[in-house]
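The next block holds one structure in the form of structure tokens; read it before the comments.
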2 protein chains.
Amino acid sequence: MAVNPDSHIPIYEQIVEHVCGLIAAGVYRADEALPSVRGMALQLRVNPNTIQRAYQELERGGFIRTRKGLGVFVSTQGATSAQKKTENAILERFVEGIDLGRKTKLGPARIQTVFRRAMRSPRRPADPNDKRTET
Amino acid sequence: MAVNPDSHIPIYEQIVEHVCGLIAAGVYRADEALPSVRGMALQLRVNPNTIQRAYQELERGGFIRTRKGLGVFVSTQGATSAQKKTENAILERFVEGIDLGRKTKLGPARIQTVFRRAMRSPRRPADPNDKRTET
DNA sequence: CATACTGTATTAGTGCTCTAGTACAGTAGG
DNA sequence: CCTACTGTACTAGAGCACTAATACAGTATG
């Protein structure tokens, strides 16, 4: 994963969504340790404080548990919570798009066509408006 | 339309998308005048400069033409351009959502289910539209 | 020309994000 | 105990995006 500093979405939020996705996908499992604050900061080339803020939000969301001196661990219900959150995020994106379509008087059929096209597109191509980036 | 100042999307960009949608929908037709910078500012309760910036971007995108002392007008190809742009915006939202789903290992069927649910939801403004009822 | 409307430019201020440095607190292991 | 690793807290500052106020410039009309 690489952070996109040009996005209007703050870096710490990009990280939150990224890590949340990894937990939801089962890359990090319950009770498994995530990279340390400093380690992750090195890895993503951002300031440790930025990571800390992301981890704070993840803890507030109940996805992880942090323990001083030990590290950061996926919480027991982390995976299911993350999955729920991610599904909400997906729903939100879809509703946003559909809303746009309705506003410009596109019919449902047309909107669905666009969706099918989106399903076919393999992966997000590099975009100036991109909100998240890949590893 | 109500602007959402709490969004991480800048107000001027919200306005750009909004006006673009109106043009695409045919609410404003070719050569028709849009509300003046100051008029729109009053209407949306934002600073005229914010409107100006939105109009600047719309002009750069070729959707409108501005003339000192006269006003702002929908360009000849404004509608078709706006439709194209809007469809791209929709596609982008969909791809974003789908991408999220893929990252969390959701199958296509599951993703489509979420989409259907989104299609059913009548309207979901990500912002409280009725947050303040000023004059 | 005077007025009143248009859009434009410039400058300033506010708030948020991010970075940086430093210090503190808990745990593990030699 | 000492060291080295964990997370945490705090302060200060730079940079940037957004907003705001004000002054400038062009057009129409009487």
Side-chain angles (χ1 to χ4, degrees), chain A residues 1-19 28 31-75 78 128-133, chain B residues 2-19 28 31-75 78 127 132 134:
Chain A
M1 184 227 187
V3 147
N4 178 8
D6 298 331
S7 169
H8 49 225
I9 297 183
I11 293 177
Y12 73 86
E13 221 171 296
Q14 294 179 39
I15 295 171
V16 165
E17 217 171 75
H18 172 65
V19 173
Y28 295 125
D31 296 324
E32 193 176 335
L34 273 68
S36 76
V37 168
R38 292 168 178 82
M40 183 72 103
L42 280 179
Q43 190 181 321
L44 298 186
R45 285 179 180 72
V46 297
N47 191 280
N49 282 324
T50 306
I51 303 294
Q52 198 211 339
R53 178 151 184 197
Y55 278 177
Q56 265 180 353
E57 259 194 39
L58 284 167
E59 180 158 40
R60 200 171 303 140
F63 308 112
I64 63 174
R65 263 185 19 166
T66 63
R67 290 205 237 156
K68 276 190 193 172
L70 289 180
V72 185
F73 304 88
V74 177
S75 72
N129 281 341
D130 204 9
K131 324 219 149 152
R132 193 173 330 110
T133 22
Chain B
V3 147
N4 179 7
D6 298 331
S7 168
H8 50 228
I9 299 183
I11 293 179
Y12 74 87
E13 221 171 297
Q14 294 179 40
I15 295 171
V16 165
E17 220 171 69
H18 171 67
V19 173
Y28 297 124
D31 295 325
E32 193 177 334
L34 273 69
S36 76
V37 168
R38 289 166 180 84
M40 183 71 102
L42 281 178
Q43 189 181 321
L44 299 185
R45 286 177 182 75
V46 298
N47 191 279
N49 281 323
T50 307
I51 304 294
Q52 197 212 338
R53 179 149 183 200
Y55 278 177
Q56 266 180 354
E57 258 194 39
L58 285 167
E59 180 158 40
R60 202 172 303 139
F63 309 112
I64 62 175
R65 259 175 38 107
T66 62
R67 290 203 234 158
K68 273 192 194 170
L70 290 179
V72 185
F73 305 88
V74 177
S75 72
D127 53 86
R132 58 181 131 112
E134 288 168 356

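What you see is a predicted model, and the numbers here were worked out from it, not measured in a lab. Chain identifiers are assigned alphabetically (A, B, ...) following the order of the sequence lines, protein sequences preceding nucleic acid strands; residue numbering begins at 1 within each chain.
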Measure all distances between protein nitrogen or oxygen atoms and nitrogen or oxygen atoms of nucleotides 22-30 of chain D, and list the pairs falling under 3.5 Å.
none

Donor-acceptor contact present, side-chain [X] to main-chain [Y], <3.5 Å:
{"X": "B:Ser75", "Y": "B:Phe63", "result": "yes"}
{"X": "B:Thr66", "Y": "B:Val72", "result": "no"}
{"X": "B:Glu57", "Y": "B:Val16", "result": "no"}
{"X": "B:Glu32", "Y": "B:Val74", "result": "no"}

Write down the distance between [atom1] ([X]) and [atom2] ([N]), rounded to a whole number of angstrom.
{"X": "A:Asp6", "N": "D:dG15", "atom1": "CG", "atom2": "C1'", "answer": "13 Å"}
{"X": "A:Ile64", "N": "D:dT6", "atom1": "CD1", "atom2": "P", "answer": "15 Å"}
{"X": "A:Glu13", "N": "C:dC16", "atom1": "CD", "atom2": "C1'", "answer": "12 Å"}
{"X": "B:Ile51", "N": "C:dA9", "atom1": "CD1", "atom2": "P", "answer": "17 Å"}
{"X": "B:Glu59", "N": "C:dA9", "atom1": "CD", "atom2": "P", "answer": "10 Å"}
{"X": "A:Ile11", "N": "D:dC16", "atom1": "CD1", "atom2": "P", "answer": "13 Å"}
{"X": "A:Met40", "N": "D:dT8", "atom1": "CE", "atom2": "C1'", "answer": "17 Å"}
{"X": "A:Glu57", "N": "D:dT8", "atom1": "CD", "atom2": "P", "answer": "14 Å"}

Please check the phosphate of [N] (OP1 and OP2 only) for any side-chain N or O of [X] closer than 4.0 Å.
{"X": "A:Thr66", "N": "D:dT6", "result": "no"}
{"X": "A:Arg53", "N": "C:dT17", "result": "yes"}
{"X": "B:Ser36", "N": "C:dT6", "result": "yes"}
{"X": "A:Tyr12", "N": "C:dT17", "result": "yes"}

Ignoring the backbone of B:Gln52, work out which of C:dT17, D:dA9, C:dA9 is nearest its side chain. C:dA9
Measure the shortest side-chain to side-chain distance between B:Gln52 and B:Gln56 over non-hydrogen atoms and say whether it is less than 4.5 angstrom. yes
5'-most by nearest nucleotide on DNA chain C - B:Tyr55 or A:Asn47: B:Tyr55
Run the numbers on B:Phe73 and B:Ile64 for side chain to side chain contact (heavy atoms under 4.5 Å, CB included), then give the verdict. CA-CA 5 Å; B:Phe73 305 88; B:Ile64 62 175; over 6 Å; no
Identify each donor-acceptor pair in which a side-chain atom of residues 33-48 of chain A lies under 3.5 Å from a protein atom, sequence neighbours left out, and give them as a table.
from	atom 1	to	atom 2	distance (Å)
A:Ser36	OG	A:Gly39	N	2.9
A:Asn47	OD1	A:Asn49	N	2.8
A:Asn47	OD1	A:Asn49	ND2	3.4

